[in-house]
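Take a look at the structure set out below.
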Number of protein chains: 2
Amino acid sequence: MEVATPVKGTVTQRAIGQIKQMITDGTLEPGQRLPTERDLAARLGLSRSSMREAIRALTVLGVLEARHGSGIYVTRLEAGDLLETFGLVAEISPKAALVELLEVRRILESAATAQAAARIDEEQLATVAGHLTTMHETSDAADFITADMAFHGAIARAAGNDVLAAIIERLSSRTFRARVQRGHEDADAFAQAREDHGRIYRALQARDPEAARSAAAAHVRVVEEWLRSQLD
Amino acid sequence: MEVATPVKGTVTQRAIGQIKQMITDGTLEPGQRLPTERDLAARLGLSRSSMREAIRALTVLGVLEARHGSGIYVTRLEAGDLLETFGLVAEISPKAALVELLEVRRILESAATAQAAARIDEEQLATVAGHLTTMHETSDAADFITADMAFHGAIARAAGNDVLAAIIERLSSRTFRARVQRGHEDADAFAQAREDHGRIYRALQARDPEAARSAAAAHVRVVEEWLRSQLD
DNA sequence: CTCAGTAAAGTAGTCCGACCAATATCCGTG
DNA sequence: CACGGATATTGGTCGGACTACTTTACTGAG
């Protein structure tokens with residue numbers, strides 16, 4: 001009579017689960033180095049090939065990091081690490097889902113902007129102002145977009161919630177913008193954005209959460225409604 | 001003189017990028033079947049082992065689905081598929097990040113509940129009512145939690161945004177609850193939850209978005225503040 | 001003794017080939 | 001045509017060999 005080995009799924013899936021377990025129960029801590037692929041494979045009772053698949057999976061999920069020639073390490077497990085894959089949704093979701101993603105962004109960004117208004121310090125505010133100036137002074141589209149992303153990123157971080165900031169960043173990524181706004185980045189759109197950004201900045205400066213919230217919501221809503229009109 | 005092959009990263013990473021590209025540019029469509037592992041490896045110019053790692057990576061990301069004996073298929077690429085990994089954040093984030101995750105959940109859930117109040121139909125409302133009844137009638141903790149999750153899930157879906165609902169669901173998963181509320185699921189907590197849920201339901205019934213929003217926010221905030229107190 | 005350079009060991013990355021297990025297809029039988 | 005079993009297809013697993021990169025240890029010059 002054999003021992004009832006509860007084999008569920010592939011050996012690779014099991015290995016993924018076991019490593020995840022080791023992290024949740026504290027056996028593996030952030031930054032810690034793991035045994036070598038060969039050792040791990042031996043300990044968990046599978047081949048190195050399958051072990052590598054498990055490691056690769058946890059690598060793309062932002063849980064592990066493999067350094068060629070050195071070893072395998074647990075990441076810091078910070079929001080940015082684990083939410084790396086969130087960007088994928090923005091990248092390959094069907095067009096129909098883009099408006100839903102923008103809606104989520106609007107919800108999160110308006111909340112983040114409101115919270116930023118309540119707690120932003122002078123230094124952070126100066127950083128935001130700097131990006132605002134850059135957007136007003138440049139006429140190059142690429143530079144404008146870079147400053148735009150930095151502007152929103154700085155605000156999201158000023159809200160003091162790394163998870164929130166990480167999600168917002170990935171919903172404002174370059175590739176996402178490219179998918180949504182293709183053909184919409186004309187002079188009018190830039191002028192509109194400059195106005196919106198000014199309104200957001202003034203609300204932050206005034207430490208007025210509600211004004212910040214509505215300004216941020218309106219800013220995203222412009223893109224949102226433009227996209228909706230495009231889908232018809 | 002060799003041709004300048006822009007080899008960036010491992011061959012597996014390149015293969016992952018190439019398949020992602022095929023999906024974004026429409027070469028591969030949702031539900032479509034891919035060539036066999038062996039064919040793909042040959043076409044992209046790498047070994048089957050490395051190809052398998054790429055496929056495994058895209059599998060855990062919810063982009064591909066491998067069926068033993070049948071083939072490899074693109075998933076439907078719906079929100080639920082691609083956001084599967086979001087649950088990982090809730091599962092293995094360090095404890096310190098849990099409060100930030102709850103804060104995100106509060107933001108999203110209050111917005112979703114408000115929107116649900118504005119557009120929920122009678123059938124959906126009846127479903128919500130059913131879960132509410134179950135929570136009132138049962139005295140078993142497991143049953144209560146199941147109904148609780150179904151209650152919030154039904155509301156999130158009634159908001160009409162699949163992405164939003166998928167994220168909320170993963171921020172309310174069983175494992176996440178277990179991590180947050182360990183030791184907090186006593187009779188008082190259940191009683192409190194019943195009251196909160198009643199308030200949310202009445203707001204939905206009255207089609208009052210603002211009441212729904214504040215009721216949902218208050219509901220999550222209770223857990224949030226309890227957790228904050230535990231971290232000291 | 002200090003330090004730079006180099007050799008050696010350790011480790012992840014890649015490839016190959018074989019076989020197993022689940023599924024799909026084909027074909028003969030009734 | 002319906003059915004069931006043989007056959008082919010396809011993903012899953014394994015083991016080993018070799019490559020490329022990193023780290024460590026050693027060696028010799030100063």
Side-chain angles (χ1 to χ4, degrees), chain A residues 2-19 22-23 28 31-76 81 84, chain B residues 2-20 22-23 28 30-76 81 84:
Chain A
E2 297 298 325
V3 179
T5 358
V7 265
K8 52 176 178 179
T10 69
V11 294
T12 302
Q13 285 176 318
R14 242 178 303 160
I16 293 174
Q18 285 173 296
I19 294 182
M22 288 189 229
I23 292 177
L28 292 176
Q32 183 177 340
R33 189 191 150 168
L34 278 69
T36 68
E37 293 179 345
R38 291 167 176 85
D39 280 355
L40 266 179
R43 295 192 197 193
L44 302 187
L46 41 75
S47 72
R48 196 191 158 202
S49 318
S50 300
M51 188 72 251
R52 274 189 60 80
E53 286 186 29
I55 294 170
R56 171 72 64 179
L58 290 167
T59 293
V60 302
L61 291 175
V63 176
L64 300 182
E65 179 189 2
R67 301 181 201 157
H68 190 172
S70 173
I72 306 164
Y73 302 80
V74 181
T75 66
R76 294 171 304 176
D81 300 318
E84 199 58 48
Chain B
E2 294 300 324
V3 178
T5 357
V7 266
K8 51 175 181 181
T10 69
V11 295
T12 303
Q13 286 175 317
R14 241 178 304 160
I16 293 174
Q18 285 173 292
I19 294 182
K20 268 169 50 178
M22 288 190 228
I23 292 177
L28 293 176
Q32 183 177 341
R33 192 195 147 163
L34 278 69
T36 68
E37 292 180 347
R38 294 164 175 89
D39 279 355
L40 264 181
R43 294 191 198 194
L44 302 187
L46 40 73
S47 72
R48 193 188 160 201
S49 318
S50 301
M51 188 72 250
R52 272 188 62 80
E53 286 186 28
I55 293 169
R56 173 72 65 178
L58 290 166
T59 294
V60 301
L61 291 176
V63 176
L64 298 183
E65 181 189 1
R67 301 182 202 156
H68 191 173
S70 172
I72 305 164
Y73 302 80
V74 181
T75 66
R76 291 171 306 175
D81 301 317
E84 199 59 48

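No hydrogens, no waters, no symmetry mates; every other heavy atom, side chains included, goes into these values. Naming convention: chains lettered A, B, ... in sequence-line order (proteins, then strands); numbering from 1 in each chain. Nothing here was measured: the structure is a model prediction, and the numbers come from that model.
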Once you apply a heavy-atom cut-off of 4.0 Å, does [X] come out as touching a base, just sugar-phosphate, or nothing?
X	answer
B/Arg67	sugar-phosphate
A/Thr10	sugar-phosphate
B/Arg48	base
A/Ile72	sugar-phosphate
B/Ser70	sugar-phosphate

Fill in: Pairwise distance CE(B/Met22) to NZ(B/Lys20) - rounded to 0.5 angstrom
13.0 Å

Tell me the interatomic distance from [X], atom [atom1], to [N], atom [atom2], rounded to whole angstroms.
X	N	atom1	atom2	answer
A/Tyr73	D/dT22	OH	P	12 Å
B/Asp39	D/dT9	CG	P	12 Å
A/Leu34	C/dA12	CG	C1'	13 Å
A/Ile55	C/dA12	CD1	C1'	9 Å
A/Met51	C/dT11	CE	P	15 Å
B/Glu53	D/dC14	CD	P	14 Å
A/Leu58	C/dA12	CG	C1'	16 Å
B/Glu65	C/dT23	CD	C1'	14 Å

Are OP1 or OP2 of [N] and a side-chain N or O of [X] less than 4.0 angstrom apart?
X	N	result
A/Ser47	D/dC14	yes
A/Ser50	D/dC14	yes
B/Thr12	C/dT14	yes

Discussion item. Can you tell me which residue among A/Leu34, A/Ile72, A/Val74, A/Ile16 is in a side-chain contact (heavy atoms from CB on, under 4.5 Å) with A/Leu58?
Written reply: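 Testing A/Leu58 for a side-chain contact (heavy atoms from CB on, under 4.5 Å) against A/Leu34, A/Ile72, A/Val74, A/Ile16 leaves exactly one candidate, A/Ile16.
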
Fill in: Distance-only donor-acceptor test (3.5 Å): side chain A/His68, base C/dA12
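Looking at the base of C/dA12, it does pair with a donor or acceptor on the side chain of A/His68 (distance under 3.5 Å).
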
Item to complete: Could you check B/Leu46 against A/Glu37 and say which one's nearest nucleotide on DNA chain C is further toward the 5' end?
Response: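 Final value for this comparison: A/Glu37.
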
Fill in: Closest listed nucleotide, where the reference is the side chain of A/Arg52 and the choices are D/dG11, C/dC16, C/dG13
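Nearest nucleotide to the side chain: C/dG13.
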
Worksheet item: Which residue, A/Arg38 or A/Val11, contacts DNA chain D at a nucleotide closer to its 5' end, judged by nearest heavy atom?
Response: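 Here A/Val11 is the residue nearer the 5' end.
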
Taking every non-hydrogen atom, the tightest pair across [X] and [Y]:
X	Y	result
A/Thr36	A/Arg33	CG2-NH2, 4.0 Å
B/Gly62	B/Thr75	O-OG1, 2.9 Å
A/Val60	B/Ala57	CG1-CB, 3.7 Å

